[in-house]
Amino acid sequence: MSDKVVLAYSGGLDTSVAIKWIIEKYGYDVITLTIDVGGEEELDSLKERSLKSGAIKHYSIDAKEEFAHDYVYAAIKANALYQDQYPISTALSRPLIASKLVDIAKKEKAIAVAHGSTGKGNDQVRFDVAIASLAPELRIIAPIREWKLSREEEIKYAKQHNIPVSTKPESPYSIDENIYGRSIECGILEDPSIEPPEEIFELTTSPEKCPNDPEYITLGFERGIPKSLDGSKKTPVELLEDISHIAGKNGVGRIDHIEDRLVGIKSREVYECPAAMVLITAHKDLEKCVLTRHELAFKKLVDIQWTVAAYNGLWTDPLMNDLNAFIDKTQERVNGTVKLKLFKGNCRVVGRSSPDSLYSRKLATYEAGTTFDQTKAIGFIELWGLQTKVANIVKRDNQK
Ligand code: ARG
């Protein structure tokens, strides 16, 4: 009996050719594992395709709820936008997939796990660090990284070995999708000066073709987590799917930016993440209502650290738990509702209310009956501006 390896299998080009390559190069028996984190279309045919490509066994795990609750919701609490733009949708799925690979490897007494990442991206880092953290005894094989084939060469290899691949031969794009978003790479997108062609988008309507009337939605949050849409309670998966649909229909969630990969490469990245953009916009706004300015300023630093660590593959580092402890404490007061207006690619908050809100109309109002004592302002400003005033006096004196 040969040694076994468990391969994270998406059914795409990379992981399909990987099955054959591992058999040829290492002589291992290949067991494939597909993790459903949403967005996968052809789950049913995957088993057949995997076995046809040479695997001895195929597993499929529906991890959508776990992904939404334990990974996506943590990112929303951290307002996670890498370099202010990317909601790290792909990055979040990697440690989850790694943990399932390790589970199945243990169950099957495999000696290795494998994934289809290249040697140029972030995903290899996310997989390798998570796997090594959870099961340091497992060997990690990354066929595409070791083999260094171009996409064209992979397609040729697949044809030569009768490997069924779903990527239509003419499709030049590399896609990664889950319930939190979709990433599109390769082809013409590699020229950052050219506008992404309309054909690459699947979740979002072009703003030019969006409905002519705005659509309003109201999101309910409890302890930093979205719980309801327009008053009706939803599971995390239902909520993400429904918001994605409504926001996508109104053109919300397209992202096109230059991104710094951990390995140093600058890359042009295109995403459509309608649910992510709506949820983070709403969540940030609610936080501004309920947290003090001191908390907000500090949490911004924590959020950035959290996002960079998650992006850079440190999901299993103790730092994440440390940061989560702070974030979760702040989220105890992030309760309330946020009303958003979606219109032709735009998403704006137009109303919010919270039982924990620090907004006081009595303090803020310019009308009669305010509780704010304006006479106190004079002394406050005197002390607040003291050093600024002194610094300017000193500067002037020294110039004389
Ligand atoms: N640049 C993004 C990231 O590092 C997206 C990667 C997409 N991966 C893919 N296999 N298409 O998270």
Side-chain angles (χ1 to χ4, degrees), residues 7-18 34-41 67 71-72 74-75 78 80-98 101 114-130 142-145 147-151 154 165-168 171-190 192 196 200-203 253-273 275-277 280 304 306-315 320:
L7 166 72
Y9 181 67
S10 67
L13 178 66
D14 288 344
T15 53
S16 293
V17 298
T34 300
I35 316 291
D36 183 5
V37 279
E40 189 59 64
E41 292 154 21
F67 179 58
Y71 295 78
V72 171
L81 290 176
Y82 180 67
Q83 298 189 316
D84 296 328
Q85 302 242 41
Y86 165 43
I88 64 169
S89 44
T90 292
L92 291 169
S93 71
R94 299 321 191 195
L96 168 64
I97 294 171
L101 272 178
H115 58 76
S117 303
T118 73
K120 298 183 75 176
N122 300 310
D123 287 333
Q124 54 172 344
V125 184
R126 299 164 184 154
F127 281 127
D128 288 8
V129 175
I144 309 304
R145 177 171 64 194
W147 204 15
K148 300 189 202 79
L149 282 197
S150 68
R151 279 186 74 78
E154 280 182 31
V165 287
S166 66
T167 339
K168 295 174 220 97
S171 168
Y173 304 112
S174 164
I175 312 279
D176 180 70
E177 185 173 349
N178 60 51
I179 33 168
Y180 199 45
R182 186 165 175 270
S183 137
I184 313 113
E185 293 179 326
C186 302
I188 189 72
L189 299 174
E190 288 180 356
I200 68 166
F201 297 109
E202 279 185 6
L203 306 178
R254 291 191 179 182
I255 298 148
D256 174 356
H257 83 143
I258 300 292
E259 186 171 301
D260 284 296
R261 292 189 193 161
L262 177 59
V263 297
I265 297 171
K266 278 197 186 288
S267 65
R268 193 276 185 92
E269 301 282 334
V270 180
Y271 306 100
E272 26 181 12
C273 304
M277 297 321 285
I280 291 175
I304 292 172
W306 191 100
T307 306
V308 169
Y311 180 88
N312 286 337
L314 300 182
W315 189 265
M320 291 305 277

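In each ligand, atom 1 is the first atom listed, and ligand 1 is the first ligand listed. Side chains are part of it too, since the values below use all heavy atoms of this structure and drop only hydrogens, waters and symmetry mates. Numbers for residues simply follow the sequence, beginning at 1.
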Checklist entry - So, Glu272 side chain and Glu202 main chain: donor-acceptor pair closer than 3.5 Å or not? => result yes

Checklist entry - Does the cation-pi check pass for Arg261 over Tyr311, that is, NZ or CZ under 6.0 Å from the six-membered ring centre and within 45° of its axis? => result no

Checklist entry - Where the side chain of Thr15 meets the backbone of Ser10, is there a donor-acceptor pair that is under 3.5 Å apart? => result yes

Checklist outcome for this item: Sorted by chain and residue number, the side-chain contact (heavy atoms from CB on, under 4.5 Å) partners of Ala78 (sequence neighbours excluded) come out as Asp303, Trp306, Ile327

Item to check | Polar side-chain atom of Asp14 near backbone of Ser117 as donor-acceptor pair, under 3.5 Å | outcome: no

Checklist entry - With Arg182, which of Ile175, Thr90, Asp176, Val270 fulfils side chain to side chain contact (heavy atoms under 4.5 Å, CB included)? => result Ile175

N/O to N/O under 3.5 Å, ligand 1 against protein:
| residue | atom | partner | partner atom | Å |
| --- | --- | --- | --- | --- |
| ligand 1 | 1 (N) | Glu259 | OE2 | 3.0 |
| ligand 1 | 1 (N) | Glu269 | OE1 | 3.1 |
| ligand 1 | 1 (N) | Glu269 | OE2 | 3.4 |
| ligand 1 | 1 (N) | Tyr271 | OH | 3.2 |
| ligand 1 | 4 (O) | Asn122 | ND2 | 2.8 |
| ligand 1 | 4 (O) | Arg126 | NH1 | 3.1 |
| ligand 1 | 4 (O) | Arg126 | NH2 | 3.0 |
| ligand 1 | 8 (N) | Asp123 | OD2 | 3.2 |
| ligand 1 | 11 (N) | Glu185 | OE1 | 3.3 |
| ligand 1 | 12 (O) | Tyr86 | OH | 2.6 |
| ligand 1 | 12 (O) | Arg126 | NH1 | 2.9 |
| ligand 1 | 12 (O) | Arg126 | NH2 | 3.1 |

